[in-house]
Amino acid sequence: MSAVQLAAVTGSLGSIGYGLAAIGPGVGVGIIFGNGTQALARQPEAAGLIRANQILGFAFCEALALIGIVMPFVFGK
């Protein structure tokens, strides 16, 4: 072993990959609800349409997160 060891990775690399893969849907959900809140503040009469589009976008983002959690199990060793 060398005198300088910066980091040691222990455990499953799939869990590290999922942690990195969860960043994208997390940012996406934040953008969806942030922009939806702005849209509701600007045009409150379109609340039903805006809310429906928010829920649809949220479902697509969360599907990416669920795919990310399943992939380590599918391709894992």
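Rounding to the nearest 0.5 Å places CG of Asn35 at 9.5 Å from CZ of Arg42. Interatomic distance, Leu40 CG to Glu45 CD, rounded to the nearest 0.5 Å: 10.0 Å.
Across all non-hydrogen atoms, the minimal contact from Val29 to Phe58 is CG2-CD1, 3.8 Å. Summarising the geometry of Ile50 relative to Gly36, their closest heavy-atom pair is CG2-O, 3.9 Å, with the distance given to 0.1 Å. When every heavy atom of Leu64 is checked against every heavy atom of Pro25, the shortest pair comes out as CB-CG, 4.0 Å.
Under the 4.5 Å side-chain heavy-atom criterion for Ile, Leu, Val, Met, Phe, Trp and Tyr, Leu20 and Val27 are members of the same hydrophobic cluster. The hydrophobic cluster containing Val70 also contains Ile67, counting ILVMFWY residues as joined when their side-chain heavy atoms lie under 4.5 angstrom apart, directly or transitively.
Counted within 6.0 Å of CZ on Phe33, heavy atoms from surrounding residues, nucleotides or ligands total more than 12; the atom is thus considered enclosed.
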